[in-house]
Amino acid sequence: MTVTSPPSGSPVLRRPLARRLLATLAAGALALGVVLPSAVAVAATPDPSPSAEASSLSAAPAANGILRPGEPLSVVVTLSAGSSAVSPTPVALSIGSAPLGDDASLDRWLGGDATGQTLRQVATATVDATASGAQSSSTVTVPAADPALSSRGAGVYPVRVTAAGLTASSVVVVPADGPATPVALVVPITAAPLTRGLLTGNELAELTAVDGALSAQLDAVDGTLATLAVDPAIPAAIRVLGSAAPPTAVAWLQRLLALPNDRFALQFGDADIAAQLQAGLSAPMGPISLQSYMSEADFTGPAPAVSTVSSPQPVPSTSPGQTTFPSLSTLVDIGSATPNIFWPATGSAGAETVASLAALGTPEEPTRVLIASTSVAGGARPVAATVGGVSTPVYDAKVSRVLAAAAGQNDATRRGASLAAAQGYLAIARAAAGDQPVLAMLDRGTDRSRGSLRATLGLLSSAPGLTASTFAEVAGRPASEISLAGPTVDATRVAEVGELVSDEQAVDRFATILEQPELLTGRERAELLQVISVSWTGDAARQAVADHRAGTQTTLDSVGILSSDFRLVSSSAPLRPWVRNDLPWPVTVVLAVRPDDARLRVQDRTTIEAQAAANTRVEVPVEARIANGEVSVDFQLYSPTDEPVGSPQRVDVEVRAEWESIGLIVIVVLVVGFLSLGVVRTIARRRRTRAEGENSDADTPTDGIGVKDPDADGRSPAESADEFTPAPDDKDLRP
């Protein structure tokens, strides 16, 4: 059945893969248990006590339940001990005396209802002691000569095993003679559901490894006539990586495209078709761009290896230094495929769904909608059918369910029990089909081992009275008009799809802040389609949607305003808020500013180029017409197309414009004071210099007309003569 995967991309929280797988497996097992409980486990257990884990019993007839005349009947019995050990236990095998006539009686028998059945014990054995938490197996055999086996006519016979108070129901099929009935099988090629838009390189490397789940799927269909229903998101995930794609993923994609099997594309991510249409969409959604998943570095230089698988090397653009990436149609290419085939979830499609999908076809490529037999009204279920003139191939829902159960079962005995149940449903389908073929679907699921898939697909090729055919062959036969019962509508799922579409529209408006809006809108669409995958069920589906919506809101809040209250000390000064951009791409936004008081005049709109993953400072010119006061200012970001971005913000601006006047006056006074002081000092210095000069002139000797004698030094002639009279020599003083 379905397997869960963590929620997507972008800003969405994700859980570990193992938890996701366990969650969805539990939901899938519960769903199967409601419809075909014993076809899944083919085991009955007593009600477990709250404090103890119960033991269980399973039984698998040999040869996938085929009992040919003259052959012994062997049944493998496995006892799984719970929290308590089980001592050696006798086992009894019983078989019904009359065959089960139709699907309903087979459903009841496998569900544990033995009403109307006459059983005869035909063999016994013993199961060895089993330790707590362990398993023990034994084979119970009925010889071919036993009267209980001889002379049995063709049909599906009930088989029951009892041991230690437990029972396990199964069936054996005595094949009927007659011409072989064609049987076609459709096998999905899908990965575990995601909330990211695409698988990562590491996930692809794991899935496409030799022991990976995707490799197991190709191994199982290789050499068969199975028609492949391929999720195009898987090839796209490989191709967007260009030269960085894991080598195992490239080889896997090459192998997929080389397979000769017929194929058709599922919705991207295997998105739920019916839920989309029931939510009011006119047609199922598809991817719009995967550009955000591609890196230019992975598409330059030598041709990447992935280019050999329908992803040609990008052709250089006319602008030097730029690269042309692969187109969307190239990325999602699955090879030569039949278009316009739709596979809604089992039971979800009604006449309205078929009519809506019919509009997507053309006369050359008409629409085909795969319908489960349980959706056909009146009991008739021809494989080639139409509803309102639209081709609606009908697949056997019960065969499909038990095949899916077998493919997802890694326990050998339980898998054998499911395969025996599938043989029973196929035998009944063959008897009811007359000359009509049988169409089966291996319902969605990813937790499938290579051995389980091979055994399941091998069943159809070895089943007596059946011959392998193709979907195109059986669906192309003359069709009969049928009526469909009312579909099963999951109202919660439909409401979730409506909410997701509304969120996407908000992202579309928000993305206009980008130069390439598809970087954001393409990622959002891819993640949305993954979140509504058919494989998401139960509580896991609810959680995936909740996580995605939370991530979408985070994206819408990734661009906003960072600001606080301002104080203006001038009548004209800028407001300086920040624009926060958490996106990995630069954005263009317009900041609208509106004060609540006309006395504060601001620049109404300012265009901002905000850098990627950064905060960008903005300056908004302001002119205050008041000297003192408080004004509230509203900020709001808009896209270039005038779409609101982020939440509005209000800040208080305190205007103290008189501080500017006071400051100017103080400055003027200081300047004037300093200038005056300088002038006073200059004048005083000049006066002092002049006074000193006048005093000096008054003491200087002058000639007869008052002119200073240039040779005079202010001394008398006698003083000057004394200065130049030589001192008497000692010898002149001698007598």
Side-chain angles (χ1 to χ4, degrees), residues 1 25-26 29 32-33 36-48 52-67 72-96 109-112 114 119 121-142 157-173 402-424 447-456 458-459:
M1 283 304 297
L25 283 173
L32 281 173
L36 295 171
S38 12
V40 179
V42 198
T45 63
D47 293 336
E53 182 181 352
S55 300
S56 63
L57 186 70
S58 55
N64 293 332
I66 299 299
L67 178 62
L73 170 61
S74 294
V75 178
V76 176
V77 181
T78 298
L79 176 63
S80 300
S83 56
S84 300
V86 179
S87 58
T89 303
V91 177
L93 172 64
S94 302
I95 188 170
W109 171 253
L110 293 176
L119 301 176
Q121 182 174 314
V122 292
T124 60
T126 300
V127 175
D128 294 337
T130 309
S132 173
Q135 289 184 339
S136 293
S137 297
S138 180
T139 301
V140 187
T141 302
V142 182
Y157 291 89
V159 170
R160 172 166 289 178
V161 173
T162 60
L166 305 172
T167 61
S169 301
S170 188
V171 295
V172 291
V173 177
V402 291
L403 288 177
Q409 185 55 258
N410 292 325
D411 180 86
T413 304
R414 294 178 180 272
R415 180 172 64 244
S418 293
L419 292 175
Q423 288 281 17
D447 188 31
R448 295 167 174 172
S449 69
R450 181 174 282 95
S452 296
L453 282 170
R454 282 187 176 276
T456 302
L459 171 75

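It should be emphasised that the depicted structure is a prediction, and the values quoted were computed from it without experimental measurement.
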Side chains of Val86 and Ser55 in contact at under 4.5 Å (non-hydrogen atoms): yes

Least distance between heavy atoms, Ser170 atom then Ala417 atom: OG-O, 4.5 Å

Residue list, side-chain contact (heavy atoms from CB on, under 4.5 Å) with Ala164, at least two apart or on another chain: Thr89

Side chain to side chain, Gln423 and Val171, heavy atoms closer than 4.5 Å: no

Heavy-atom donor-acceptor pair, Arg415 side chain to Gln409 backbone, under 3.5 Å: yes

side-chain contact (heavy atoms from CB on, under 4.5 Å) partners of Ser74, counting only residues at least two apart: Ala62, Thr139, Thr141

Donor-acceptor contact below 3.5 Å, side chain Ser132 vs main chain Ser83: yes

Side-chain heavy atoms of Asp128 within contact of Ser138, under 4.5 Å: no

Minimum heavy-atom distance Leu403-Ala422, with the two atoms named: CD2-CB, 4.0 Å

Contact check, side chains of Val140 and Val161, non-hydrogen atoms, under 4.5 Å: no

Leu79 side chain near Leu166 side chain, heavy-atom distance below 4.5 Å: yes

Considering all heavy atoms, the nearest Arg448-Ala404 contact: NH2-CB, 3.8 Å

side-chain contact (heavy atoms from CB on, under 4.5 Å) partners for Thr413, two or more places apart: Ser58, Ala60, Val76, Thr78, Asp411

Under 3.5 Å donor-acceptor, Trp109 side chain and Ala114 backbone: no

Least distance between heavy atoms, Ala129 atom then Pro88 atom: CB-CD, 3.6 Å

Listed partners of Ala134 passing side-chain contact (heavy atoms from CB on, under 4.5 Å), at least two apart: Thr130, Ala131

Shortest non-hydrogen contact from Leu419 toward Thr456: CD2-CA, 4.0 Å

Residue pair Leu73 / Leu93, side-chain heavy-atom distance below 4.5 Å: yes

Minimum heavy-atom distance Ala420-Gly65, with the two atoms named: CB-CA, 4.0 Å

